[in-house]
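A quick write-up on the structure given underneath.
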Protein chains: 2
Amino acid sequence: MKPDSDKKPGAPTIKDVAERACVGVGTVSRVLNGGNVSARASLRVEQAIRELGYSPNSSARRLRTGRSGTIGFCTRDITNPLFSVMARAIQDRLEEDGFMLLVSNAFDDPVREREMVRRFIDQSVDGLILGPSTEDAGQIVEQATAQGIPVVVLDREAPEPAVRVMSEHIVGMQDATRYLLDLGHRDIALSTISSAHLAGRNRVEGFRRAFAERGMAAPEHRIIQGDFTRDFAQKAARHLLLGPNPPTALICGATPILLGTLPVIHAAELSIPGDLSLVSCDDIDVTQLYRPAITVVRRDIHEIGRIAAQAVVELVDGTDMPEHTSFSISTELVVRNSCAPPETLRGPQGRAN
Amino acid sequence: MKPDSDKKPGAPTIKDVAERACVGVGTVSRVLNGGNVSARASLRVEQAIRELGYSPNSSARRLRTGRSGTIGFCTRDITNPLFSVMARAIQDRLEEDGFMLLVSNAFDDPVREREMVRRFIDQSVDGLILGPSTEDAGQIVEQATAQGIPVVVLDREAPEPAVRVMSEHIVGMQDATRYLLDLGHRDIALSTISSAHLAGRNRVEGFRRAFAERGMAAPEHRIIQGDFTRDFAQKAARHLLLGPNPPTALICGATPILLGTLPVIHAAELSIPGDLSLVSCDDIDVTQLYRPAITVVRRDIHEIGRIAAQAVVELVDGTDMPEHTSFSISTELVVRNSCAPPETLRGPQGRAN
DNA sequence: CTGTTAGCGCATTCAT
DNA sequence: ATGAATGCGCTAACAG
């Protein structure tokens, strides 16, 4: 075999393109990245690129420029519709600017989260989006900022360089509670996530405010907070629903809480809304398709993702600071069929079976 | 500017470590990657690393070695529980070997899929996992293989270098259909995905086989196939259920199909299983929590992800070929309360309202 | 066992 | 406007 058409099997490099186009590598680089190139040279280079099927080696480029074209998204658990929907929205938006998305699950474990972030940084992501967690993002933001990596946090506290995208959980829960109050409920239970989460704190706050608004004190003994597992939710639901004087209404303050609670409701053969009025937070397939359809505090998850993605992109690409350092996502109470006035108000004829 | 004590703010490099440990960079590299190093030198290097807070620059490493430590997962839509659960399983497994996961959504669009894969390759992923799609993976496998990138495909055809993880859709659907047949149903409808998908073809095949088994011909006019959208499912359900002689049982051959069908069932005020027996494919929150709970053909999604991840890792790390080039995932019929004998067999007393 | 050296492919400076 | 040269940080091949 003569060194005939014996090309190197490796992908063509910028040098190959330069040779073929009879120009220097600098010129090729310039047409690629938009420098000053004469029309003639530019044309020749472009043709060479086409003929060779050349594509810039991203590893070399990222070594040279320090930018990778990737963004890391640290979720609690991608299996949660909240995060998978966000992930999709983020990815859709990121695509517009040519970024790719790296994901991970931290399972609400601060140690794991830091480890994941470390690995993201290690992979030299250009930006970071952090899902809610039990911990402040302070340490992580600091760590990332030290490397010049911008971070956007979702529903959690974070020091200044970070951009925050916050949901109006207080108002949302206040609306839900008020709705139940207006229906005549007084003994309303709230099963939600730990106050270690901003969302947990805020939801409890909104719950209390709704009662305060009416000059009443919230039933503190009906507030149960725990971690983000169905397991916790199930225990909480048993405690709440299976006791001697069950509440007339229950608000589930997170999707996993609802999913852990429903089986208990089924097992106890409680009818909704006959025996129990039910409200959940975040609208998912289950809340829409369950019969009766479940009333929820909805927020636009897709928009949250879009905004977060948009923010990182601006932070990464932009030369100047972003307009906003904090975004607020509103909520909306979607009334469906899972709530009714409490039995006591419907007369003593018993359950409407 | 004078080269004062002006330390570079940049992260410490292998050279810094070498100097501090009074060894050559080669030695540092060796302790990092496991070469032959004396205990003494090794100790000193490790200390220097700790003191400097050194972390190898992954961009340089990937340029040098051609390996990135990332795997790309191309899904149809990460929002589908099927894929989010897979993604989580894949990621969990990948983590064990230090890989990170890049995800994307192709929305069943072959053009988009190729574009996503191109970008994955561009990002120099070490391996590729492809979710099911309307197209054979031939072209993509070829493209990836040319770059030495191994690919694992899920529920789709692919030429040899690729590893396939296939679900036993034929048997699964056959079991489901047989179950309905045994219950006494004859007029069974199947709403499933296009035959352009392997899963679509196989599900129809299983459906037919169950009838053939009994010496009957499958009701071909009751088979509707379309794309993976709720929209299609809704139209199909309307066509099937709202006509003059609705079937007595319906099998939904994919999660989006079920989700698009349920609203039609609700609107038509059909009772399950009174008016219609219902079976779905893939067990999700909705099938478990819906009342009545929905009978499903289940497969272990988590295991599919685990196997796929394990396979890529072996392909990437391994020097030798993997043991298997194809895996088969079994299915299981989970009987719940959404099916009953057809009305005709339960006597003429009409609906049990 | 160890230090030195040569690139990996690219963007970028510097002369021209 | 452009070609040549430099080095990003690392690994691997080499010579000791």
Side-chain angles (χ1 to χ4, degrees), chain A residues 7-46 48-49 52-69 98 121-124 126 147-148, chain B residues 1 3 7-46 48-49 52-69 98 121-124 126 147-148 317 319:
Chain A
K7 279 102 166 84
K8 317 192 166 179
T13 75
I14 199 172
K15 207 175 164 188
D16 299 325
V17 175
E19 278 177 14
R20 202 166 207 310
C22 302
V23 298
V25 293
T27 302
V28 178
S29 179
R30 258 161 260 154
V31 333
L32 250 33
N33 303 298
N36 274 350
V37 184
S38 73
R40 257 185 78 266
S42 178
L43 229 60
R44 297 231 311 275
V45 168
E46 275 162 19
I49 287 178
L52 260 41
Y54 167 78
S55 172
N57 178 312
S58 74
S59 299
R61 180 176 279 177
R62 66 168 28 172
L63 172 59
R64 185 57 229 250
T65 63
R67 292 185 46 177
S68 66
I121 293 179
D122 207 81
Q123 279 289 335
S124 68
D126 293 336
Q147 318 264 343
Chain B
M1 303 306 132
K7 281 119 169 69
K8 321 194 163 178
T13 75
I14 199 173
K15 207 174 164 191
D16 299 324
V17 175
E19 277 176 15
R20 202 168 209 309
C22 302
V23 298
V25 292
T27 303
V28 178
S29 179
R30 258 161 262 154
V31 333
L32 249 34
N33 303 298
N36 275 349
V37 185
S38 72
R40 257 184 77 266
S42 178
L43 230 60
R44 297 229 311 274
V45 168
E46 275 162 19
I49 288 177
L52 261 41
Y54 167 78
S55 171
N57 179 313
S58 75
S59 298
R61 181 177 277 176
R62 66 164 44 177
L63 172 58
R64 187 55 229 248
T65 64
R67 293 185 45 177
S68 65
I121 293 179
D122 207 80
Q123 279 290 335
S124 68
D126 294 335
Q147 320 263 343
D317 278 347
T319 62

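Computed from heavy atoms alone, side chains included, the values below leave out hydrogens, waters and symmetry copies. Lettering follows sequence order; numbering is per chain, from 1.
Residue A:Ala11 comes nearest to A:Asp16 through the heavy atom pair O-OD2, 4.4 Å, listed as atom of the first residue, atom of the second, then distance. Scanning all heavy atoms of the two residues, the minimum distance from A:Thr13 to A:Tyr54 falls at C-CE1, 3.5 Å.
Proximity of A:Thr13 to the phosphate of C:dG9: no side-chain N or O atom is located under 4.0 Å from OP1 or OP2. For the OP1/OP2 pair of C:dA11 and a distance below 4.0 Å, the side-chain nitrogens and oxygens of A:Arg61 include at least one atom meeting the criterion. Of the side-chain N and O atoms in A:Thr27, one or more sit less than 4.0 angstrom from OP1 or OP2 of D:dG3. Taking side-chain N and O atoms only, A:Asn33 has a distance below 4.0 Å to OP1 or OP2 of C:dA11. Residue B:Asn57 places none of its side-chain N or O atoms closer than 4.0 Å to OP1 or OP2 of D:dC10.
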>> Run the side-chain contact (heavy atoms from CB on, under 4.5 Å) test on B:Val37 and B:Val23 for me, step by step, so that the C-alpha distance in whole Å, both residues' side-chain angles and the decisive distance to 0.1 Å come before the verdict.
In response: CA-CA 11 Å; B:Val37 185; B:Val23 298; over 6 Å; no

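C:dC1 atom P lies 16 Å from atom CZ of B:Arg44, rounded to whole Å. Between the P atom of C:dA11 and the NZ atom of A:Lys15 lies a distance of 16 Å, rounded to the nearest Å. Rounded to whole Å, the distance from CG on B:Leu32 to P on D:dA12 is 11 Å. The nearest whole Å value for the distance from the CD1 atom in A:Ile14 to the P atom in C:dC8 is 14 Å. Atoms CG (B:Asn36) and P (C:dT2) sit 9 Å apart, rounded to a whole Å. The distance from atom CZ of A:Arg30 to atom P of D:dA1 is 10 Å, rounded to the nearest whole Å. Per the geometry, CG belonging to A:Leu63 stands 12 Å off P belonging to C:dC10, to the nearest Å. Put simply, CZ on B:Arg67 is 15 Å from C1' on D:dA12, counting in whole angstrom units.
When heavy atoms are screened at a 4.0 angstrom cut-off, A:Ala41 is found touching the sugar-phosphate backbone but no base atom. At the heavy-atom level, A:Val23 lies under 4.0 Å from the strands shown only through sugar-phosphate atoms.
You'll find the side chain of B:Asn33 reaches within 4.5 Å of the side chain of B:Ser29, heavy atoms only.
Distance from the side chain of B:Val25 is smallest for C:dT4 among the nucleotides D:dG7, C:dT4, D:dC10. The side chain of B:Val37 lies closest to C:dT2, out of C:dT2, D:dT2, C:dA11.
Not a single donor-acceptor pair, N or O on each side, falls under 3.5 Å between the base of D:dG9 and the side chain of B:Arg62.
A salt bridge does not link A:Asp126 with A:Arg62: none of the charged nitrogens is closer than 4.0 Å to a carboxylate oxygen.
In this structure, B:Thr65 and B:Gly26 both approach DNA chain C, and ranking their closest nucleotides by distance from the 5' end singles out B:Gly26.
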